[in-house]
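The structure appears right after this line, and notes come after that.
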Amino acid sequence: MALSLYDTLTREERPFEPRDAGKVAMYVCGPTVQGDAHIGHGRAAVVFDVLRRYLSWTGYEVTAVQNVTDIDDKIILRARREQRDPAVIATRYTRAWNRTMDALGVLPPDVQPLATGHLIEMQDLIQRLIDQDKAYAAGGDVFFRVRTFEGYGKLSRRRIDDMQQGEDIVDADHKEDPLDFAMWKSAKPGEPAWASPWGPGRPGWHIECSAMAAKHLGHGFDIHGGGLDLVFPHHENEIAQHEAAHGDTFARFWVHNGMVQMGTEKMSKSVGNVVPLEQALADWGVGPLRVWYLSAQHRTPLTFDTERLRDATTVHQRFTTFLRSARRAAGEVEPDTEVAAPHIAAFRAAMDADLNAPVAVAALHELVGAGNELLPAAERGEQAAQAAVAALADALIELGDEVLGLHLEEALTDAAGLEQQLAALVESLLEQRAAAREAKDFATADAIRDQLAAAGVTVEDRRDGVRWYVSTASPAGR
RNA sequence: GGCGGGGUGGCCAAGUGGUAAGGCAGAGGACUGCAAAUCCUUUAUCACGGGUUCGAUUCCCGUCCCCGCCUCCA
């Protein structure tokens with residue numbers, strides 16, 4: 001069994017084979033650093049993080065590159081509004097992005113190239129296209145001559161003649177053809193500018209990815225990722241620039257994630273329904289949030305709403321609850337890895353099928369269900385059950401945390417930290433409760449339990465005594 | 001208008017030419033003083049109409065509806 005991926009370019013799923021045996025080179029379009037990340041960015045980040053983690057887990061050596069667009073019209077606009085230098089804006093939001101991605105549990109890219117750090121590479125690429133008459137300088141701008149690239153439209157499946165609708169193109173003054181797009185933009189007074197053979201200016205958006213991906217990953221790298229909304233024109237233009245200039249394949253697989261929706265609407269600034277990623281992380285916690293992100297296959301739309309995040313929280317808790325119980329019951333017994341093997345196989349089969357995360361999570365549910373069944377026997381000290389439960393818990397951590405990044409271990413560690421801090425207080429309350437129960441004063445006993453529950457402390461009365469723990473769910477998720 | 005995705009049980013969501021995973025919620029049961037956690041049981045003619053086929057939810061055609069992209073966007 002091996003991974004198959006749906007490739008937007010060919011519109012089909014096919015076995016993934018890397019350019020270089022054992023290695024995967026992947027490039028994912030990063031942010032334009034002009035504002036805070038929102039939950040849509042988070043979905044793309046998690047989708048490609050999981051792809052990357054899965055590739056690593058199955059044995060590939062992955063090189064992940066994600067660019068930062070640190071010069072662009074919107075950055076300039078924002079800088080002007082704030083009366084700061086664009087570089088200040090770009091640096092601020094680059095740091096914020098990295099911090100948020102870290103909080104989301106996204107592995108940092110191996111290379112995080114900045115557009116402003118690759119002016120030479122971009123200019124070389126532009127010059128190459130000019131030399132071949134596939135681009136032209138006009139009025140200090142440089143445009144790509146779209147009609148010279150016969151493959152134009154192959155990614156988005158658009159016929160070039162259907163595109164002529166869009167007449168409302170802003171700086172079309174110097175264009176030969178309205179479809180042509182800018183690779184270099186001449187600087188207006190007061191704008192940041194870099195020297196170039198065509199006059200001072202700054203790079204267009206698409207050119208950076210063509211130049212930086214090729215520089216850091218080489219030609220014909222394995223996977224290019226990004227949101228479905230980038231297919232046209234961004235990715236289409238990236239392909240055109242590279243392939244027209246070099247005559248070879250730019251990227252081998254194009255993977256795109258679907259959009260996050262709010263209800264039936266797209267999340268967008270104009271509608272005013274953008275949820276900042278930091279907010280979602282604060283409300284729900286990274287684990288439940290990632291469970292939600294993985295609740296739909298990566299190419300389909302995903303709706304953000306309270307009910308679904310609650311569901312995701314419940315799922316996350318089911319996993320952490322099992323882990324907590326399993327470890328307690330298993331003790332130090334050596335895990336029986338054979339018991340976990342079929343669940344791991346099911347998980348792999350799901351992931352191999354174009355990263356079918358919902359089915360992979362279903363495999364985790366099956367694993368947990370099997371484990372829960374064995375729990376009573378394990379708690380009785382039956383060795384076989386203990387060994388099985390131990391193996392299932394290990395597998396859940398390996399698949400859930402290492403591959404899906406669900407932060408199960410971290411959630412338990414965080415809870416354990418709180419448990420330690422609260423222990424004296426909780427124990428004292430539980431003594432009072434025990435006394436009340438002894439006296440059949442259940443009203444008092446239940447009131448204490450309710451108070452603890454309100455503080456996130458769950459109390460369970462077991463045959464072998466009272467057990468308590470701090471919930472791994474956020475207040476919003478309870 | 002062009003391109004693309006989708007309509008599966010109360011909700012979410014997989015999937016297959018031979019009558020449909022998993023989760024959430026609900027109901028019932030076991031356990032409990034009551035709970036919690038867990039386990040067991042339980043809920044679907046897969047948008048509609050044709051066609052192909054021994055047989056279609058799955059393939060083809062048409063219809064209706066929803067969504068995205070076509071301008072910056074993960």
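Residue numbering restarts at 1 for every chain, and letters A, B, ... go by the order of the sequence lines. All of these numbers come straight from a predicted model, not from anything done at the bench. Worth knowing before you read on, the calculation uses all heavy atoms, side chains too, and leaves out hydrogens, waters and symmetry mates.
Along RNA chain B, the nucleotide nearest to A/Gly226 and the one nearest to A/Tyr469 differ in position, and the one closer to the 5' end is contacted by A/Tyr469. Between A/Ala353 and A/Val368, the residue whose closest nucleotide on RNA chain B is further toward the 5' end is A/Ala353.
The gap from the C1' atom of B/U58 to that of B/G18 amounts to 11 Å, rounded to the nearest Å. Across B/U42 and B/C24, the matching C1' atoms stand 16 Å from one another, rounded to whole Å. Rounded to the nearest Å, the gap between the C1' atom of B/C66 and that of B/C34 is 47 Å. Between the P atoms of B/G2 and B/A20, the separation comes to 39 Å (whole Å). One C1' atom belongs to B/U41, the other to B/G5, and the distance between them is 38 Å to the nearest Å. Separating the C1' atom of B/C11 from that of B/C59 is a span of 30 Å, rounded to the nearest Å. Taking the P atom of each, B/U43 and B/A21 are spaced 11 Å apart, rounded to whole Å. Taking atom P in both B/G22 and B/G29, one finds a spacing of 24 Å when rounded to whole Å.
Of the possible donor and acceptor atoms, one in the side chain of A/Arg11 sits under 3.5 Å from a partner among the backbone N and O of A/Thr8. Between the side chain of A/Gln112 and the backbone N or O of A/Asn67 there is no donor-acceptor pair closer than 3.5 Å.
Among the protein residues, A/Gly40 comes within range of the nucleic acid bases, having at least one heavy atom under 4.0 Å from a base atom. Residue A/Ala362 is in base contact, counting any heavy-atom pair closer than 4.0 Å across all strands shown. The residue A/Gly42 sits apart from the nucleic acid: no heavy atom pair falls under 4.0 Å. Across all strands, A/Leu228 comes closer than 4.0 Å to no nucleic acid atom at all (heavy-atom distances). Looking at heavy-atom distances under 4.0 Å, A/Arg310 makes no contact with the nucleic acid at all.
In this structure, the nucleotide among B/G22, B/U38, B/A74 sitting nearest to the side chain of A/Val260 is B/A74. Checking B/A25, B/A74, B/C39 against the side-chain heavy atoms of A/Arg318 singles out B/C39 as nearest. Checked against B/A74, B/A13, B/A37, the side chain of A/Ala296 finds its nearest nucleotide in B/A13.
Cation-pi check for A/Arg14 over A/Phe253 is met; the charged atom lies under 6.0 angstrom from the ring centroid and within 45 degrees of its normal.
For A/His343 and B/G22, the NE2 to P distance is 12 Å, given to the nearest whole Å. Between A/Glu379 atom CD and B/C39 atom P there is a gap of 12 Å when expressed in whole angstrom units. With rounding to whole Å, A/Tyr152 atom OH is found 14 Å from B/C3 atom C1'. Rounded to whole angstrom, the span from the CG atom of A/Leu430 across to the P atom of B/A36 amounts to 17 Å. In this structure, A/Asp352 places its CG atom 18 Å from P of B/A14, rounding to the nearest Å. In this entry the distance linking CG of A/Leu364 with P of B/A14 reads 16 Å, nearest Å. With rounding to whole Å, A/Glu238 atom CD is found 13 Å from B/A74 atom P. The distance from atom CG of A/Leu375 to atom P of B/C40 is 13 Å, rounded to the nearest whole Å.
Dense packing is recorded around CD of A/Glu460, with more than 12 heavy atoms of other residues, nucleotides or ligands lying under 6.0 Å away. Counting non-hydrogen atoms of other residues, nucleotides and ligands closer than 6.0 Å to CD of A/Glu438 gives a total of 12 or fewer.
When both distances must be under 3.5 Å, the Watson-Crick or G-U wobble mate of B/G1 is B/C70. Here B/G26 sits opposite B/U42 as a Watson-Crick or G-U wobble pair (both hydrogen-bonding atom distances under 3.5 Å). Base-pair partner of B/A36: not found among the strands shown (Watson-Crick or G-U wobble, both distances under 3.5 Å).
Between A/His235 and A/His224, the ring planes are perpendicular. Angles over 60° get that label, and only those under 30° would be called parallel. Using the six-membered ring where Trp is involved, A/Phe250 and A/Trp254 have ring planes that are tilted, between 30° and 60° apart.
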Are there any protein N/O atoms within less than 3.5 Å of an N/O atom in nucleotides 4-6 of chain B, and if so, which ones and at what distance?
none

Tabulate atom names and distances for all N/O pairs under 3.5 angstrom spanning the protein and nucleotides 7-11 of chain B.
none

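In terms of phosphate contacts, A/Asn356 brings no side-chain nitrogen or oxygen within less than 4.0 Å of OP1 or OP2 of B/A14. Residue A/His365 places none of its side-chain N or O atoms closer than 4.0 Å to OP1 or OP2 of B/G22.
Residues A/Met101 and A/Asp49 fail the side-chain proximity criterion, which asks for heavy atoms closer than 4.5 Å.
Counting only residues at least two apart or on different chains, the side-chain hydrogen bond (donor to acceptor under 3.5 Å, both in side chains) pairs with a member in residues 366-381 of chain A are A/Arg380-A/Glu382. Listed by first then second residue, pairs satisfying ring-ring contact (aromatic ring centres under 6.0 Å, His included) with a partner in residues 447-478 of chain A number zero, not counting sequence neighbours.
Two rings, from A/His298 and A/Tyr293, have their centers 6.0 Å or more apart.
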Applying side-chain hydrogen bond (donor to acceptor under 3.5 Å, both in side chains) to A/Asp352 and A/Tyr54, what does each step give before you reach the verdict? CA-CA 9 Å; A/Asp352 278 344; A/Tyr54 185 62; 2.7 Å; yes
Does the side-chain hydrogen bond (donor to acceptor under 3.5 Å, both in side chains) test come out yes or no for A/Arg318 and A/His365, once each step is laid out? CA-CA 9 Å; A/Arg318 180 170 194 245; A/His365 276 292; 2.8 Å; yes
Tell me, with the steps shown, if A/Ser4 and A/Asp354 meet side-chain hydrogen bond (donor to acceptor under 3.5 Å, both in side chains). CA-CA 5 Å; A/Ser4 282; A/Asp354 194 29; over 6 Å; no
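Using a cut-off of 4.0 Å between Lys/Arg side-chain N and Asp/Glu carboxylate O, A/Asp72 and A/Arg78 are scored as not salt-bridged. Salt bridge annotation for A/Arg99-A/Asp102: absent, with no cationic side-chain nitrogen under 4.0 angstrom from a carboxylate oxygen. Between A/Arg299 and A/Glu13 there is no salt bridge, since no side-chain nitrogen of the basic residue lies less than 4.0 Å from a carboxylate oxygen of the acidic one.
For RNA chain B, the neighbouring residues in residues 280-295 of chain A, judged by any heavy atom under 4.0 Å, are A/Ser295.
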Give the B/S/- string for nucleotides 27-35 of chain B, one per nucleotide from 5' to 3', where a protein heavy atom under 4.0 Å of the base yields B, of only the sugar-phosphate yields S, and otherwise -. ----SSBBB
